[in-house]
Amino acid sequence: MALLAENEMSDAGFDYLSSLNSPQRLAVETTEGPVLILAGAGTGKTRVLTTRLAHILMTGLAYPGEVLAVTFTNKAAQEMKGRVAHLLGRSADGMWLGTFHSLCVRILRRYAEAVGLQSNFTILDTDDQLRLLKQILKAENIDEKQHSPKMIASVINRWKDRGLTHNQVKRGEHDLAANIYQLYQERLSILNAADFGDLLLHCLTLFKNQPEVLKSYQSQFKYMLVDEYQDTNVAQYLWLRLLAQGSHNLCCVGDDDQSIYGWRGAEVGNILKFEKDFPGATVIRLEQNYRSTSHILGAASGLIAHNAGRLGKTLWTDEKGEGEPLLIRGTWDSGDEARFIGDEIESLQRQGESLGEMAILVRAGFQTREFEERFLKLGIPYRVIGGLRFYERLEIRDALAYLRLLIQPDDGLAFERIINTPRRGIGESTIQALHVLAREQGISLPRAARYYAESETKGAARLALRKFFEDMDRWRSMLDTEPHVEIVKIVLDESGYTTMWQEDKSADAPGRLENLKELVLAIEEFQFLPGFLEHVSLVMDNNQQAKEDMVNLMTLHSAKGLEFNTVFLAGWEEGLFPHPKSMQDSGQAGLEEERRLGYVGISRAKKRSIITYCLQRRMHKGWQTAIPSRFIKEIPNKHMIHINPNGAEVNRLGGTSSRTPIADFRNFKDIYEKPVSFHTFEIGDRIFHQKFGYGEVIEIDGDKLNIEFDHSGNKKIIADFVNKA
DNA sequence: CTGGAGGATCTTTTT
DNA sequence: GATCCTCCAG
């Protein structure tokens, strides 16, 4: 079957194969049967994936509609679509390409009834989910302090990640949560809503209950492709396994060393046991790295080698040369750290590096603050990647709630969100009364409210409700006649929502009005309001100023998949990275996931990677003393230079290796003159510390000293940083 | 019903 | 230190 005309075929030819190395080529051409591609960082994974898709389509193995390709983010899906189209020389429309969630929605809209939903069901996000759980806890008279909605939500979500419906949950450990789970699902069904986990779970239920539906999808999808397989959870794994029973042509791509989402239910086990799950699987390793210098690669590999239970890969490169060793730079406090990185950035910029090729990666969101302040002071343009998404903003969520209610008159969560926003004099007690009424009558909250408003009795709240429903009905009646953009404008105006922000004198009010305008603009691109609502809850991204030349600031998690010439890895201290909570929750496995995070961080760098730590950090309140992260010691000495806050080099580079300074180390020219302190101390020794002055050693714990400073109190300090007085 | 005071909490994040 | 939530007085 030739899908392309003869001449097109010869034009495109198979040129796209010739630029691949041999494992890459194997990964593209092994189209039949289960395939696992272990793709290390920077080994051209995306290229292989897109080429494979294009290859399948171009050789006529399948029509686009017979190909299923799953990614983790919408961004990745978008990018893949573009690149495949580029390779094909035409659009690849018709392919089932998207995130697990969006593909599941596509299926569920068609078979909603089979899982007790209507086809126009609402997709709830985390916020709605929490709100709903709170309501249930309140109604069940459960003490929120003992059982926080957050905890229960996470227990339920983990169950859903593991593909467990409330009937399948084993009783015992979390009986309370299990009961709530059932109540929660009942409420969702009344609301005609599904949360993110449900999208997959309902699909599984559908496949189980309606084998003929499953069968039709099995025979439809001749080729299946999954990106970031190490991040799939059990539910997603089951979903894939069911669908793959038809063609068996399932190709999973991933890197066990980059699995960093265990805390939200991802199962590294999925990738580790692929060969067992899919007998006869071909395993292909992509190990040639095209991104980083060998020092960077060596440092990253050396770090990750401390993890047990890996599939094992040996990354190598002959492309980028040895490069510079990593610089590990200690600083006194988080302010110093920001100052140091700011200076380095300016220095690199003077050497002609563009800001967009630099990134600062941090473990936790709060760390970006100090950098932002510093960059504002220095006038360095920056962007923070991640953080609040557009549709997560308060005003956007409010506006969307109005629209949701317009389209789904029974959406109680949307109703509750906006019934008193702007203020209409409908407060907590009224809402509670409505809840009681809704329960008694077995109807939705908005329906109960309408019933309540239309009953004979007078009262301010009743009148306000009546007015609200009159407005709603009027707007709804316009849905068929007016363009939907107009309706949105009318709703926001006539509800008084816009006015509310116009009259708000707080500093962020103008920005919120801007966002509302942007929302209206976004809606214009959609033919139907329901379609837009789904787009917003599932897909909509921050349209960031991606093109501009700015320093990138983000967490290690959001850095996965990206690359930069220069990467600053800030805050490598015990107590922050590895994050104590991670180890507290998951012990050794948690520590290993943190280490993978470090691996991801280092391997983002093409040319240089700079790790910083500080000895004093502003945490929740006040200052906290810290010591360098254990991961620093795990990086092989030959791939790094470690300079402590004193400006003294701590490790010794072996033999011939020389190092070009990355920037000008103004303060460190005396590195080799200053004796590196490797003193041994005894309790009672008088010491001197660069920053805290004179003090006395009162406790020794390995290389850490507890020192009573004459003027700065008690501090734990690494022995390297103090001298005998 | 509203607004302000006081208290608890603060890892990572996509859908 | 900041933000979000709860509780209580008006």
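Each chain gets a letter, A, B and so on, in the order the sequences are listed, and its residues count up from 1. Below, all heavy atoms of this structure are taken into account, side chains as well, without hydrogens, waters or symmetry copies.
In this structure, A/Glu372 atom CD and C/dG1 atom P are separated by 18 Å, rounded to whole Å. When rounded to the nearest whole Å, the span between NZ of A/Lys150 and C1' of B/dA8 equals 11 Å. Per the geometry, CD belonging to A/Gln78 stands 15 Å off C1' belonging to B/dT15, to the nearest Å. Atom NZ in A/Lys134 sits about 12 Å away from atom P in C/dC4, given to the nearest Å. B/dT12 atom C1' lies 9 Å from atom CD of A/Glu593, rounded to whole Å.
In this structure, A/Arg462 satisfies the cation-pi test against A/Tyr452, with its NZ or CZ atom closer than 6.0 Å to the six-membered ring centre and inside 45 degrees of the ring normal. By the 6.0 Å and 45° rule, A/Arg617 does not stack over the aromatic ring of A/Trp623. A/Arg630 forms no cation-pi arrangement with A/Phe577, by the criterion of a distance under 6.0 Å to the ring centre and an angle within 45° of the ring axis.
Distances were taken from every side-chain heavy atom of A/Tyr261 (C-beta onward) to each of B/dT13, B/dT15, B/dT11; the shortest belongs to B/dT13. Of the candidate nucleotides B/dC1, B/dT15, B/dT12, B/dT15 has the atom nearest to the side chain of A/Thr126. The listed nucleotides are B/dC1, B/dT11, C/dG1; the one nearest the side chain of A/Arg363 is B/dT11. Closest to the A/Arg264 side chain, of the nucleotides C/dG1, B/dT11, B/dT13, is B/dT13. Looking at the side chain of A/Asn74, the nearest of the listed nucleotides C/dG1, B/dT15, B/dC1 is B/dT15.
Side-chain N/O atoms of A/Thr555 include one lying less than 4.0 angstrom from OP1 or OP2 on B/dT13. Considering only side-chain N and O atoms, A/Asn420 lies nowhere under 4.0 angstrom from the phosphate OP1 or OP2 of B/dC1. Within the structure, every side-chain polar atom (N or O) of A/Ser558 is placed at least 4.0 Å from both OP1 and OP2 of B/dT12. Here A/Arg423 reaches the OP1 or OP2 of B/dG3: one of its side-chain N or O atoms lies under 4.0 Å away.
The heavy-atom pair separating A/Tyr599 from A/Leu303 by the smallest distance is N-CD2, 3.8 Å. The minimum heavy-atom distance between A/Pro446 and A/Phe469, with the atom names listed, is O-CZ, 3.4 Å.
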So A/Tyr111 and A/His202, side-chain contact (heavy atoms from CB on, under 4.5 Å) or not? Walk me through it.
CA-CA 10 Å; A/Tyr111 298 103; A/His202 283 327; over 6 Å; no
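With hydrogens and angles left out, the side chain of A/Ser582 and the base of B/dT12 share no donor-acceptor pair within 3.5 Å.
Ring-to-base geometry does not place A/Trp263 in a stacked arrangement with B/dT11 (centre distance under 5.5 Å, plane angle under 30° required). Stacking is not found between A/His557 and the pyrimidine-like six-membered ring of the B/dT12 base under the 5.5 Å centre-distance and 30° plane-angle cut-offs.
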Tabulated below should be each protein N or O lying under 3.5 Å from an N or O of nucleotides 7-10 of chain C; please produce it.
none

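A salt bridge links A/Lys560 with A/Glu228: the distance from a Lys NZ or Arg NE/NH1/NH2 to an Asp or Glu carboxylate oxygen falls below 4.0 Å.
The residue among A/His579 and A/Ser429 whose nearest nucleotide of DNA chain B lies closer to the 5′ end is A/Ser429.
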